Each structure stands twice: as structure tokens, then as C-alpha cells.
Amino acid sequence: MKLTFLGAGDMFAIDQGHNSVLIEFNESNLVIDFPETNFRALRALGKDLTDVRNVFITHLHEDHVNGLQLLGNYARVYSKNKPNLFVHSSLFDQLWQTLKAGIEPSGVGPKELSDYFNVHIVEDQFEIEGVSFKPIRTHHLPGMISHGLFCTPYFYFSSDCALDKELLLNYGGRVKTIFHECHLQEDVLKSHTSLEEILELPQELRSKVVLMHYEDTYTNPENRRALEERTGLNIAGPLSVYEF
Ligand SMILES: [Zn+2]
Ligand SMILES: [Zn+2]
């Protein structure tokens with residue numbers, strides 16, 4: 001299994017793509033979230049949007065879903081195969097409301113999400129090519145549905161969330177790597193995880209953490225290296241690769 005960061009930037013990132021990963025395994029792949037910046041990152045990897053087989057959506061902030069309309073339309077025009085779209089049951093209606101205005105109208109009558117994607121409504125877990133993925137409800141913003149994703153024994157991917165220390169203490173030992181979002185700025189946001197909170201985790205968890213979803217300052221590899229030396233933590237960069 002190979003996991004590549006298509007982008008590790010936050011919502012306001014310009015110097016690199018928004019936070020999203022491409023996971024390649026067996027004969028398939030899965031992209032977690034789909035910002036429009038993924039198109040350029042896939043091109044940099046020598047891949048095309050039509051190579052994307054499966055997508056899982058963690059939540060509906062624009063930096064995580066604003067490439068879905070492009071992906072669906074592109075597949076309809078350039079590919080015979082629709083991508084699979086894995087959506088948690090609690091998120092499906094809101095996702096459709098988010099995309100509807102752009103993809104429902106067509107020259108041959110109203111279209112549905114299933115005209116663009118093979119839609120899979122997820123409850124507790126889903127499976128692709130024998131690999132199991134388990135969404136876990138997280139706390140991002142009040143009233144917002146958000147999920148992290150476990151792929152045991154390989155990784156946990158937090159997506160955007162406040163730190164759930166109990167979750168990491170209970171289940172972090174079951175995975176090799178914890179890809180965790182971190183707001184690397186001075187101000188502390190309740191909707192995101194601060195560096196201080198990550199640094200307060202026990203060493204056995206800290207050593208597994210790879211930070212992601214951060215502001216442009218750390219797109220610069222020198223700044224990432226300085227922070228890694230200062231904190232002992234790892235930080236994902238644009239197109240960083242992790243093998244499992
Ligand atoms: Zn975000
Ligand atoms: Zn968010």
C-alpha cells in the first residue's frame with residue numbers, strides 16, 4: 001500500500017494543494033477528499049482524473065469537495081467508467097444539496113449524483129479490493145458532520161477535527177501511522193488541532209504522527225525541517241509518499 005499526499009495545505013493554501021491523499025493498493029486506489037487542486041497534483045504524478053477509482057468524503061468544507069463536480073463531469077466526458085463515491089449515510093443529503101445546482105441540470109433532463117458516480121452509502125465500514133476502511137465520527141464544527149478514516153493496521157487519517165485524545169489513546173496503537181491535521185499558527189481554533197495538543201500526546205503516539213492540513217509557511221521544506229527538528233514530529237509535504 002502506497003499513500004501519496006496530493007496536497008497537505010489548509011483551506012487558504014495557495015503554494016500547494018488542499019489536504020488530500022491518494023492511496024494505491026492491489027489493483028485499485030482511493031482518494032480521501034477531492035479538492036480541485038487534485039487535478040494538478042495527479043498530473044504531476046503522471047496520472048489523470050480518469051485514473052481515480054474511488055473517493056471518500058470526510059466533510060463538506062469547500063477545500064475538501066470543490067473538485068467533485070470536475071471529477072464527475074470529467075469522467076462522463078473522458079471515461080466509460082464512473083468513479084466510486086463513498087459517502088457516509090449521515091452526509092449524503094447534504095452532499096447532494098452542495099453539488100446539485102451544478103450537476104443536476106442537463107440537456108436531456110435532470111441528472112442525479114448516480115449519473116456521475118457509483119454512489120456507495122457507508123455505515124460502519126466499506127471495503128475496496130479486500131482492504132477495509134472504517135469511518136469514525138469526529139468533532140470539527142458544531143452542526144457539521146465530519147469523519148476520520150481508519151485503515152487498520154496501516155493508518156488513521158483524521159481529516160479536519162479538534163483533537164480527540166481518547167480516540168487516539170484507545171485506537172492509535174492499532175495503526176502504524178496517524179495522519180493528523182494541525183493548525184500550525186499562533187491562534188488556537190476550537191475546530192482544529194493545535195501543535196501544543198499534539199505535543200502533549202504520549203511519545204508512542206507522537207512518534208506515529210504525521211502532521212497535515214497546514215498553512216503555506218510550511219510548504220517550504222526548510223520551514224518543515226526546522227519544525228521537525230524543534231518538535232520531533234513529522235510533517236507531510238506536497239507529494240510526500242508513505243509505504244505500508
Ligand atoms: Zn480543510
Ligand atoms: Zn474543514
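Whatever order the structure lists ligands and atoms in, that order sets their numbers, starting from 1. A quick note: this is a predicted structure, and the numbers were derived from the prediction, not measured.
For the pair Asn220 (side chain) and Thr217 (backbone), a donor-acceptor distance under 3.5 Å is absent.
His192 and His213 have parallel rings, their planes meeting at less than 30° on a 0 to 90° scale where 60° marks the start of perpendicular.
Contact annotation: Asp160 places an N, O or S atom under 2.8 Å from the Zn ion (ligand 2). Here Asp63 reaches the Zn ion (ligand 1): one of its N/O/S atoms is less than 2.8 Å from the metal. Residue side and main chain included, His140 places an N/O/S atom under 2.8 Å of the Zn ion (ligand 2).
Closest to the Zn ion (ligand 1) among the N, O or S atoms of His64 is NE2. The nearest N/O/S atom of His59 to the Zn ion (ligand 2) is NE2. Atom ND1 is the N/O/S atom of His61 found closest to the Zn ion (ligand 2).
Residues Phe126 and Phe56 place their aromatic rings such that the two centres sit under 6.0 Å apart.
Donor-acceptor pairing under 3.5 Å is recorded for the side chains of Thr58 and Ser159.
The heavy-atom pair separating Arg224 from Pro238 by the smallest distance is NH1-CD, 3.7 Å.
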